[in-house]
Amino acid sequence: MKKKTAVEPEIVDVETNQSQHLRHLLQEMLRIRHFEDKCAELYTEMKIRGFLHLYNGEEAVAVGVMQALQPDDAIVATYREHGQAIARGIAMNIVMAEMFGKQEGCCRGRGGSMHLFDQEHRFYGGNAIVGGGLPLAVGLALADKKLGRKRVNCCFFGDGAMAEGEFHESMNLAALWEVPVLFVCENNQYAMGTALKYSHAVTNLVQKADSYGVSSASVDGMDVLAVESAAQEAAAMVRDTGKPFFLECVTYRFRAHSMFDPEFYREKTEVEQWKQRCPIEMLTKKLTEQGLLSGVELAAMERSVVVEIENAIAFAEAGTWEPTAELTRFVYSESGVGR
Ligand SMILES: Cc1ncc(C[n+]2csc(CCOP(=O)(O)OP(=O)(O)O)c2C)c(N)n1
Ligand SMILES: [Mg+2]
């Protein structure tokens, strides 16, 4: 047998790496989709309480953007953030336990669906206030600038947030101070029951970034590969220049705004039309046509996702409620206290 020497170059099969990566993207989107569908069921069973906003249809945005981020980068999200948390790598067990309100959750069950937070993953929430994450991201970016750290602070927010004062103040300061924020607008065309055209005088959203002198791009948010490549370019620009960038991802939510929404404001045919461009189905089709995914592989992928979710539910069910004696803990900050 030929002995391998230290100087022999590694044979890297680029083709295999690429196809593995594509399958990884598909798997990540499937994990989010199934997680969300299960959460809807658990909500009707009253295992999950409070408000619940699901991400079905928008998976390509979180998964695509997350590929461009490094472990040191920070993420700020909205109340529709399960997808970002899962794609960032926060264990599904921990996310599910948080949804159940159990102590084993990432916020000891005190945050729930809308307030997922995880220090280790630099995941700064989960925010119930529309536009509330925007100034936080600018603050995080200002800290990076002051400390001379080349990091990206990625802020996800909805089209509705762009009608809020906080969006305009944050864009203005980010541009003025030249701080590294990647603004990612998830334009799903609606803010609750209000279509974009009823709340924005100018519906071309990138124009708003242009008006602050912030570089921008708009991408098909149903195409995970397009999102990934736009996000790679945008994140590289933010990291290299230390300046903000605005990325609009045009997407659509397949489910209602929250669990209390009869959806009187949109036609079923419109929803069906968007479902024709389901990000998961589009990538599955692409991989299958290119011979990179067989039916057996897809079934195995789906099975592993189902098992992961079942395990997460079992973990959450077996979790503990925080004792009432601890009710006032964390009301004031306690330094050095872990999760
Ligand atoms: C400051 C503030 N105003 C109003 C609300 C009520 N509210 C909750 S979600 C929402 C719509 C936001 O839409 P968008 O930003 O497009 O996000 P999406 O739900 O579409 O992901 C509104 C108005 C709120 N939570 N915070
Ligand atoms: Mg919206």
Side-chain angles (χ1 to χ4, degrees), residues 29 32-33 35-36 39-40 43 50-66 75-87 111-117 125-138 154-171 181-209 218-222 227 246-267 270-271 274-275 277 279:
M29 292 198 290
I32 298 170
R33 174 70 57 92
F35 183 89
E36 296 295 63
C39 283
Y43 194 82
F51 288 100
L52 185 69
H53 307 84
L54 302 174
Y55 201 56
N56 298 51
E58 305 187 34
E59 297 89 348
V61 179
V63 172
V65 170
M66 222 53 82
I75 293 147
V76 180
T78 72
Y79 46 82
R80 201 182 296 287
E81 88 287 28
H82 312 159
Q84 281 84 4
I86 291 169
S113 162
M114 296 202 284
H115 304 103
L116 302 174
F117 172 95
N127 201 317
I129 306 300
V130 174
L134 287 149
L136 297 182
V138 177
C154 180
C155 184
F156 292 90
F157 54 93
D159 45 288
M162 291 184 64
E164 295 274 350
E166 279 183 300
F167 169 77
H168 297 277
E169 293 173 47
S170 300
M171 287 296 276
V181 183
L182 173 55
F183 292 98
V184 178
C185 175
E186 303 179 304
N187 179 6
N188 61 9
Q189 342 268 334
Y190 289 93
M192 295 182 89
T194 308
L196 198 68
K197 66 177 176 198
Y198 296 122
S199 57
H200 287 264
V202 174
T203 53
N204 180 340
L205 300 181
V206 290
Q207 266 186 22
K208 295 178 202 274
S218 181
V219 68
D220 177 1
M222 306 307 267
V227 175
F246 176 91
L247 179 64
E248 177 195 26
C249 300
V250 181
T251 182
Y252 199 80
R253 68 172 153 70
F254 292 167
R255 282 184 175 270
H257 166 74
S258 70
M259 301 306 280
F260 306 101
D261 171 12
E263 292 186 76
F264 292 145
Y265 50 85
R266 61 182 189 182
E267 297 293 336
E270 181 185 292
V271 182
W274 276 92
K275 282 188 176 171
R277 303 203 63 247

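Position 1 is the first residue of the sequence; numbering continues from there. Worth saying up front: this structure is predicted, and the values here are computed from it rather than measured. For ligands, and for the atoms within them, numbers begin at 1 and follow the listed sequence.
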Name the closest protein heavy atom to [atom], giving the residue it belongs to and the distance to 0.1 Å.
atom: atom 25 (N) of ligand 1; result: Ala128 O, 2.9 Å
atom: atom 8 (C) of ligand 1; result: Val130 CG2, 3.8 Å
atom: atom 19 (O) of ligand 1; result: Tyr79 OH, 2.6 Å

Give the table of side-chain donor-acceptor pairs shorter than 3.5 Å for residues 189-197, with sequence neighbours excluded, one pair per line with atom names and distance.
| unit_1 | atom_1 | unit_2 | atom_2 | d |
| --- | --- | --- | --- | --- |
| Gln189 | NE2 | Thr251 | O | 3.0 |
| Tyr190 | OH | Glu270 | OE1 | 3.3 |
| Tyr190 | OH | Glu270 | OE2 | 2.8 |

Would you say [X]'s side chain and [Y]'s backbone share a donor-acceptor pair under 3.5 angstrom?
X: Glu58; Y: Asn56; result: no
X: His257; Y: Pro262; result: no
X: His82; Y: Cys39; result: no
X: Arg255; Y: Gly57; result: no

For [X], take its heavy atoms, then give the atoms of ligand 1 lying under 4.0 Å from any of them.
X: Glu164; answer: 1 (C), 3 (N)
X: Ala161; answer: 15 (O)
X: Asn188; answer: 18 (P), 20 (O), 21 (O)
X: Gly160; answer: 13 (O), 14 (P), 15 (O), 16 (O)
X: Arg80; answer: 18 (P), 19 (O), 21 (O)

The Mg ion (ligand 2) reached by Gln189 (N, O or S, under 2.8 Å):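 It does not: Gln189 brings no N, O or S atom closer than 2.8 Å to the Mg ion (ligand 2).
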Metal check, the Mg ion (ligand 2) vs Tyr190 N/O/S, cut-off below 2.8 Å: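 Yes, since at least one N, O or S atom of Tyr190 sits under 2.8 Å from the Mg ion (ligand 2).
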When you compare the side chain of [Y] with that of [X], does any pair of heavy atoms fall below 4.5 Å?
X: Tyr252; Y: Val271; result: yes
X: Met222; Y: Trp274; result: yes
X: Val130; Y: Tyr79; result: yes
X: Asn188; Y: Arg80; result: yes

Proximity flag Glu186 to ligand 1, non-hydrogen atoms under 4.0 Å: no
The Mg ion (ligand 2) - closest N/O/S atom in Asp159: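 Of all N, O or S atoms in Asp159, the Mg ion (ligand 2) lies closest to OD1.
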Under-4.0 Å heavy-atom contact with ligand 1, by part of [X] that carries it:
X: His257; answer: side chain
X: Tyr190; answer: backbone
X: Asp159; answer: both
X: Met192; answer: both

OH (Tyr265) with more than 12 external heavy atoms under 6.0 Å: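 Enclosed.
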